[in-house]
Chemist: 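Below you'll find the structure I mean.
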Amino acid sequence: MPKPLRIATWNINSVRLRLPLLKELDAALAPDVLCLQETKCPDEHFPLEGIEALGFRHVAAKGMKGYNGVAILSRIPFALREQDPDWCEKGDCRHLGVTLDAPGGPVELHDFYVPAGGDVPDPAVNPKFHHKLNFLREVTAWGETRAAAPRRVLVGDLNIAPLEHDVWSHRQLLDVVSHTPVEVEAMGRWMEKGEWVDAVRHFVPAEQKLYSWWSYRNRDWAASDRGRRLDHVWVSPDLQGRLARQHVHKPARAWTQASDHVPVLVELSL
DNA sequence: ATGGTAGAAGGTCTA
């Protein structure tokens, strides 16, 4: 009998501030594995006790002061992959890779926080956008070397909304970082070279609007509903037939002291 | 064209 494996991703925007919301997330989604981004927390301050109290007995965290930071919280054992690159040689805590001790054998899991890229979508004048494009080039080249490996999952805040209906207005966001053609094409190459399948769009038709992020800079995020789908779950082709369900937990955006991103969950039958 | 809010800070960065 196949067993379920529930993997969730969430840009938590400060793991210390939103530790109470992790409990709500766990009650709502019951993930076996939860990948976080923007923990904004140096490892020595990581709230390990509170997280272990929720039942996540296996934890990997890579954080720094102020910005970035990723973590993987798991109910099942995993081994940390030590051999993945230091992207753009910045040491800036945007990726953790692990091998999960999953039902039916190991699963290679990657948790990414792709650079947001700043405001101006021109690499010649905006170093943040330049960094974003370089980061995408590097992960694509690396991903190509991993493409043949079985049972892979990649999740995270990839800071790109690739499809027309991954944003509230395709026309108005064509010049806005996260939805520009150059980024969307770069993401397409990343998926193609790595042989990745979009596990959420596997279930949700491309013509249906779907968002995982709503800006803080809005009087009423729910009424205006100007969202973008920045958070993703990808799987290798051999896992496509194992996809059981997806869930984007929109209620999390209305939680008290919410993150601007909501959790995204995919369940596999392994 | 601008500013709007939020979080790390305890400056301004970053998103």
Side-chain angles (χ1 to χ4, degrees), chain A residues 9-22 24-25 35-48 50-51 61-71 87-88 90-95 111-123 125-136 155-162 166-169 171-180 182-184 186-187 211-232 250-264:
Chain A
T9 178
W10 189 27
N11 179 322
I12 193 170
N13 189 15
S14 172
V15 66
R16 283 174 287 183
L17 189 71
R18 276 181 252 287
L19 190 59
L21 295 187
L22 273 181
E24 287 201 48
L25 182 155
C35 297
L36 301 176
Q37 304 86 36
E38 282 207 272
T39 55
K40 296 184 173 177
C41 180
D43 294 342
E44 61 269 28
H45 297 138
F46 197 81
L48 199 55
I51 282 164
K62 189 160 77 173
M64 58 194 284
K65 199 170 87 171
Y67 319 113
N68 309 327
V70 284
W87 309 106
C88 304
K90 284 180 176 282
D92 59 0
C93 307
R94 295 181 178 275
H95 172 226
D111 178 13
F112 273 101
Y113 175 52
V114 171
D119 288 329
V120 182
D122 180 351
V125 299
N126 174 9
K128 291 179 194 169
F129 197 68
H130 181 77
H131 175 214
K132 185 177 196 176
L133 297 181
N134 276 341
F135 190 98
L136 293 167
V155 309
D157 175 5
L158 306 185
N159 266 316
I160 297 172
D166 288 340
V167 295
W168 63 276
S169 168
R171 186 178 57 83
Q172 287 179 259
L173 271 81
L174 276 171
D175 265 337
V176 174
V177 171
S178 75
H179 193 62
T180 65
V182 64
E183 295 166 81
V184 170
M187 176 178 259
Y211 315 135
S212 64
W213 173 88
W214 293 260
S215 173
Y216 285 126
R217 304 175 191 181
N218 219 312
R219 261 167 224 281
D220 188 337
W221 70 273
S224 55
D225 199 24
R226 296 184 167 190
R228 306 178 202 171
R229 189 170 72 107
L230 304 178
D231 303 275
H232 300 270
K250 189 173 176 180
R253 188 60 181 80
W255 286 344
T256 303
Q257 207 161 33
S259 169
D260 45 354
H261 295 252
V262 301
V264 177

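All values below were derived from every heavy atom in this structure, side-chain atoms included, with hydrogens, water molecules and symmetry-related copies excluded. All figures in this text were calculated on a predicted structure; none of them were measured in a lab. Numbered from 1 within each chain, the chains take letters A, B, ... in sequence-line order.
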Chemist: Ignoring the backbone of A:Y67, work out which of B:dA15, B:dA9, B:dG7 is nearest its side chain.
Modeler: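 Per side-chain heavy atoms of A:Y67, the pick is B:dG7.
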Chemist: In chain order, what residues pass the salt bridge (charged side-chain N to carboxylate O under 4.0 Å, His left out) check against A:D231, with sequence neighbours excluded?
Modeler: none
Chemist: If you compare all heavy atoms of A:A252 against all heavy atoms of A:P263, which two are closest, and at what distance to 0.1 Å?
Modeler: CB-CD, 3.5 Å
Chemist: For the pair made of NE2 in A:H261 and P in B:dG7, what is the distance, rounded to whole Å?
Modeler: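 Computing the A:H261:NE2 to B:dG7:P distance gives 13 Å.
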Chemist: Between B:dT14 atom C1' and A:K132 atom NZ, what is the distance in whole Å?
Modeler: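 For the pair A:K132 NZ and B:dT14 C1', the rounded distance is 13 Å.
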Chemist: If I pick the C1' atom on B:dA9 and the same atom on B:dC13, what distance separates them, to the nearest angstrom?
Modeler: 9 Å
Chemist: Could you measure between the two P atoms, the one in B:dT14 and the one in B:dG10, and give it in whole Å?
Modeler: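 Their P atoms lie roughly 15 Å apart.
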Chemist: Which protein N or O atoms sit under 3.5 Å from an N or O of nucleotides 2-6 of chain B?
Modeler:
unit_1, atom_1, unit_2, atom_2, d
B:dG4, O6, A:R217, NH1, 3.2
B:dG4, N1, A:R217, NH1, 3.3
B:dT5, O4', A:Y216, O, 3.2

Chemist: Of A:P115 and A:K65, whose nearest nucleotide on DNA chain B comes first from the 5' end?
Modeler: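 First, find each residue's nearest nucleotide; the 5'-ward one identifies A:K65.
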Chemist: Using whole Å, what does the distance between atom P of nucleotide B:dT14 and atom CG of A:N68 come to?
Modeler: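 So the CG-P distance, A:N68 to B:dT14, works out to 10 Å.
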Chemist: To the nearest angstrom, how far is A:W213 atom CH2 from B:dT14 atom C1'?
Modeler: 13 Å
Chemist: Distance check, P atoms only: B:dT2 and B:dA6, in whole angstrom units.
Modeler: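 Those two atoms are separated by 23 Å.
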Chemist: Nearest nucleotide by nearest heavy atom, which residue falls closer to the 5' end of DNA chain B, A:R16 or A:N11?
Modeler: A:R16
Chemist: Expressed in whole Å, how much space separates the C1' atoms belonging to B:dA15 and B:dG3?
Modeler: 15 Å
Chemist: Take the protein atom CE of A:M64 and the nucleotide atom C1' of B:dC13, then report the distance between them rounded to whole Å.
Modeler: 12 Å
Chemist: Taking only residues two or more places apart in sequence, or in another chain, which ones meet A:R229 in a salt bridge (charged side-chain N to carboxylate O under 4.0 Å, His left out)?
Modeler: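 Applying salt bridge (charged side-chain N to carboxylate O under 4.0 Å, His left out) to A:R229 gives A:D166, A:D198.
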Chemist: How would you list, by chain and number, every residue that makes a side chain to side chain donor-acceptor pair (under 3.5 Å) with A:D111, sequence neighbours excluded?
Modeler: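 A:D111 satisfies side chain to side chain donor-acceptor pair (under 3.5 Å) with A:Q37 only.
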Chemist: Whole angstrom is fine here: how far is it from NZ in A:K128 over to C1' in B:dA15?
Modeler: 8 Å
Chemist: With sequence neighbours left out, what residues match A:D225 under salt bridge (charged side-chain N to carboxylate O under 4.0 Å, His left out)?
Modeler: A:K250
Chemist: Once you round to the nearest 0.5 Å, how far does SG of A:C35 lie from CG of A:D157?
Modeler: 12.5 Å
Chemist: Who pairs with A:H131 by side chain to side chain contact (heavy atoms under 4.5 Å, CB included), at least two apart in sequence or on another chain?
Modeler: A:C88, A:K90, A:D92, A:R94, A:P115, A:F135
Chemist: Between B:dA15 atom P and A:F129 atom CZ, what is the distance in whole Å?
Modeler: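 The distance from CZ of A:F129 to P of B:dA15 comes to 13 Å, rounded to the nearest Å.
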Chemist: Taking CD1 from A:I12 and P from B:dA15, how many angstroms apart are they, rounded to a whole number?
Modeler: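 Spelled out: CD1 on A:I12 to P on B:dA15 is 18 Å.
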